[in-house]
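Reviewing the structure listed below.
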Amino acid sequence: MILLITLIAFAMLVISGVSAENADAIDASALNEVSVSGGISDISADIQSSDLNEVALADSVGDIKNQNDASLKTNLKDSSDADSTSLNVKVNYEYQKDANKITPDFYIVSADGKFLNFTKVFDSSAKKWTLNVDGSIAGDCNLTAMSAGYLSQSKSISSAKLSDLVTFDLKATEAYKLGQTVSASADKLLNFDKADDILVVTTAGVARLNNKTSEDAMEAILNYNDKIAYSNVLMLRQSAVDPIDFAFIVKKGKELKAVVFQNASTKCTYLGTISEDMTKKQWNAYYKNVTGENAWAFASLANGWAAGVSREILQEAAFHGHICEGTLGGYSIIQALMKYYPPKQETDPSGKVVSFGDITSYKVLGVPGGSDDDAAIFFLDDTIGKTGYVGMDTTSTGATENMIGFIRWQGNTGDLIIMTFNSSNLKKLFTKETGINPEDGSLEELKYNSWWIKQIKNNPEKLVDILYEFTGLNQSHFDYLMGTTNNISYDGEPFDYGMDGHGLDLDYILSLNLPKATRENANLGNGQLSDDQLKQIGIDAVNQAKAIFKDELGIDVDKDDVDFLALTDASYAFLNGQETVVVRDGIYEALGGTLYSQTLLNLHQAAWKPLWFAFAVRYPDSDEVNLVYLRYNPSTKDFFIGDLDGKKVANIGFETLNNSAKLRQIEKTFVPDSNWFNIQTIVNAWNEHPLFDQMSTFLYHAHVCPGVQPGFFITDHIQNTYPLGENESYTYIASSIYCKDDSLTYLLDLSPGLGNYYVQKLPKNETVSEYVDGGTQEGVIVVWDDNLKVGRASVVSFKWATIDTSMYGTSEGARAAQIKAYIDMYADVENPNIKAMPIVSTDSEKWINEEQFNMLKQGAGDDFNAITYLKSLDNVTKEDLLKAMENSTNDGSNSNSGSKSNSGSNANSNGGANANSANTNANTNANSNSPSNSVSSTPSHRSSSSASLGTSGAIATAAPSEDAESEDASADSPSEASSYEVSKTPATKSADSNALVYALVGVLAIGILLGLGFVRRNKKE
Ligand SMILES: [Zn+2]
Ligand SMILES: [Zn+2]
């Protein structure tokens, strides 16, 4: 990896030199080689006079492209070839037994900078590797050894000493060491070998250790002991600044024991029972020792797991942060939705599914604060950034936090179904059956969770109430509920900039008097595969793919290959109603790939999507990526294999993105399940080696695009400008909604289900930034002190980076170049296409009280939106605000946190906001009273790019914002909503909506709307 970074930097130098001098003369294909290959090919072209051509695999980019067997490493050639050279290598690991577990990967680079082809063989008695290189090696070469969790090491090998044994002593990364140490310590304390089963719950991953993401900790846990199943390591969604905690939980008979490590410490803070059957005294001891929100996270996940909750719910709970009534209720609601209002796929006259693309789409109307919202977002893949979810505090209209509305949209009409789980009835039923009141405390709540889990298995019907079932929803209704930034007309009046979203506005919905919808009764399937059978599907997919790569490219894929990827929707997709989480364990077993080393990526998809696998090979010196696509067929128990003109392997790199005829063919026969956009963007981003937090976000967002990128920079800015103090937490009210809301949600660890992400889509003219010229007002960030009941709120503005894409001929090419530029920006890697960095700014900071906070959550009433409301507030100091609050009433700060042992036990209070005490030791007052915090988001390392400003005449300014907007517009316009994946590609759709031109501005139009029909009930104060 070190080597690779050096090479990338080198490549950048070469390219920037070329493009500055002669930008016009370079054709698109040549400049596509922005990655390592461009540099290396250029270099090799320069040094071509040497006699090393027999070793050279490809002298130029063109050669690489034309050569189907351009597999630059592990290309299977006859190793008995007389013309081959052998290197003998021994790899020692800092954790010695890893030598038995991991297969090291290597790069061999010749003196003239070419990656050499070789095969590798392990001699198990001598414990050394033999690398057989085709042909002879002239001059010194460079050998790099790589393993996930370890720092890559390179050695220069002199040509005279090729036969000497080369020894590497690989050193583990900090996070890997942490993972190994806590694993060993937990093993000592809990005795893994005697356990029936082991669960690990951790916040490592996105959370940073010494300023690096900490995913290697999970790699270490998996390597530590084979008894820890791949799917039994749960990564809790966290932000970069959250503490790194681990809970190891072992099940043995009826015993459930845990050891907990917190704040990246290797000393355990708790050892003992974590079972719901513990005594209150034991719970108090647990709660006292395990600080912060993770006490509930660990206990609820451990007991849910012990109660046999499905792995799918465990995954969702890890996203949400814990298991609670809302998690389980949300799951039950989705099951009911799938049964009575199932998604529709394209079928032939006989009813056979002919395309896995949906002709319906779901939109979610939520009320943030109920954990069920996260379940809807998770299981339907209805993320905020894909405009699948809208939700403000609409309780004043009669909605409750436990209600979810679903729009099932098809063509230009839809159904609107509102469901809830009746918490108080179910709690009564539980009390009647068990004699336990779930609101007595956390232990009682844990038992209530376990009861729910049993009900889901045995009696799912009685858990959910379907409150309203409407049909005949039209475009106007849709726009009013979801919001839009398209030009529309509403009740005959033009809305030039769109309309704000109103979410689950029950008054409005009921005022429509829509006819009743008709339920279907879909068969969700009754899959009965065992874990072993499910794992075998993963193993079979791997073997199938390996055979194809060997057959068509001559590649022999090794275990732990750093350049081989398995991408799948296993763990999200259901198979005959059965969850598929454990399919990944089969892939892990067969390939050694993991999420943490970015070699086994699971892509967020809706539960009803087919189970598919995409396998990809990348190369250190080329932007070629070769793909094999498989879809599992449960009835025949075999795979559909993607085919492109008789080949089962296709290069889907930059070159393909610039070939529209090939793209069309791919979507027809190679990746025909309406998921091509998702797969190609993830795989091509993977080829750019993104950081772990970025890749995790891409996977959650389900594709990579320019539009998702601002979230990284906004997150950094918020965390730097407003580090959380004790009792503080973030709440975000989103105003301008597009892909970046998914990266914000994911990386700030916020969500509607946690009650700290509100979504009020505003018309375009209301989000033009008055603080950053050319910027957009994205929303309002609130830093809330739950103890003092005051907070600071600011308007967040963002301005896109300027990226030169003038040399790319197709929109796909330009898009990919933009994505690469943003990945480079985020990783502090130079990229000559970056002409100006993005700007993030937080302005109009105000201290607010609880009433004002609630107004923001409600979208600020009829006269304001969240942004205008904030701007309208008086500027008061924190001290004056606190004094005013003291004077008004003695409503005072209640003190039911921490001290009372069983506190935080009712369902909603366990969500996010109340338990952030362990987050950071930053002083609360540190950043107050700074009126504007406008800075460029990544201030460092930009000097060189500013130097290149103005050197090129044709700069496509702010292209990504247009891009994002058209994505946004097409995704949220219901007429295009049937499949947002499809709507991503063509640009024609936004043109349609631009054809409507109206003169009236939004404010006036809203007045007309109110006059015409529906008047919103007064908000409760
Ligand atoms: Zn919850
Ligand atoms: Zn996107």
Side-chain angles (χ1 to χ4, degrees), residues 236-237 293-294 296-297 299-301 304 309 313-314 316-331 366-378 381-388 401-402 421 423 442 445-446 448-449 452 603-604 677-678 680-682 685 694 697-712 737-746 749-757 815-816 818-819 822 904-915 960-972 980-985:
L236 288 171
R237 184 167 59 100
E293 63 192 8
N294 289 335
W296 177 251
S300 65
L301 287 163
V309 77
I313 295 179
L314 277 180
E316 193 276 317
F319 167 75
H320 175 58
H322 54 252
I323 293 183
C324 61
E325 183 189 38
T327 312
L328 302 164
Y331 175 80
V367 182
S371 299
D372 50 342
D373 291 25
D374 283 0
I377 289 170
F378 186 89
D381 188 23
D382 260 329
T383 61
I384 301 164
K386 291 187 299 245
T387 64
E401 287 182 350
N402 291 342
F421 55 93
S423 179
S442 296
E445 194 184 347
L446 288 174
Y448 178 53
N449 281 353
W452 253 100
L603 190 78
H604 193 185
F677 176 77
N678 311 66
Q680 76 82 354
T681 58
I682 295 278
Q694 253 183 331
T697 308
F698 296 156
L699 293 173
Y700 169 65
H701 184 51
H703 65 252
V704 191
C705 57
V708 77
Q709 311 288 338
F712 301 110
I737 316 295
Y738 56 94
C739 294
K740 70 99 186 32
D741 286 86
D742 284 352
S743 38
L744 261 191
T745 324
Y746 196 88
D749 188 21
L750 304 177
S751 60
L754 293 171
N756 48 26
Y757 208 100
R815 170 194 286 271
Q818 284 168 11
I819 292 167
Y822 278 102
S905 60
N906 65 55
N908 292 328
S909 73
N910 272 321
N914 63 340
S961 76
E962 282 156 25
D963 198 5
E965 217 147 65
S966 73
E967 255 169 41
D968 181 20
S970 52
D972 76 1
Y980 77 88
E981 292 96 337
V982 174
S983 70
K984 294 288 171 206
T985 26

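In what follows, every heavy atom counts, from backbone to side chain, and hydrogens, waters and symmetry copies are set aside. Quick caveat, the model's predicted, so the values are computed rather than measured. If you read the sequence from its start, that first residue is 1, and numbering goes on from there. First listed ligand is number 1; within each ligand, the first listed atom is number 1.
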* Has T327 got an N, O or S atom lying less than 2.8 Å from the Zn ion (ligand 1)? -> no
* To do: To the nearest 10 degrees, could you say what angle the Zn ion (ligand 2) makes with SG of C705 and NE2 of H703?
  => 110°
* Asked: Nearest to the Zn ion (ligand 1), which N, O or S atom of H322 do we find?
  -> NE2
* Can you tell me, to 10 degrees, how wide the angle at the Zn ion (ligand 2) is between SG on C739 and NE2 on H701? => 100°
* Asked: How about Y822 and F712: are their ring centroids closer than 6.0 Å?
  -> no
* Taking the inter-plane angle between the rings of F319 and F378 on a 0 to 90° scale, is it parallel (under 30°), tilted (30 to 60°) or perpendicular (over 60°)? -> tilted
* Check whether any side-chain heavy atom of R815 lies under 4.5 Å from a side-chain heavy atom of P706, and answer yes or no. => yes
* Structure fact -> The NE2(H320)-the Zn ion (ligand 1)-OG(S371) angle, to 10°, is 90°
* Can you name the nearest heavy-atom pair linking N449 to S300, along with the distance? -> ND2-CB, 4.3 Å
* Report yes if the side chains of T745 and T383 come closer than 4.5 Å at any heavy-atom pair, otherwise no. => no
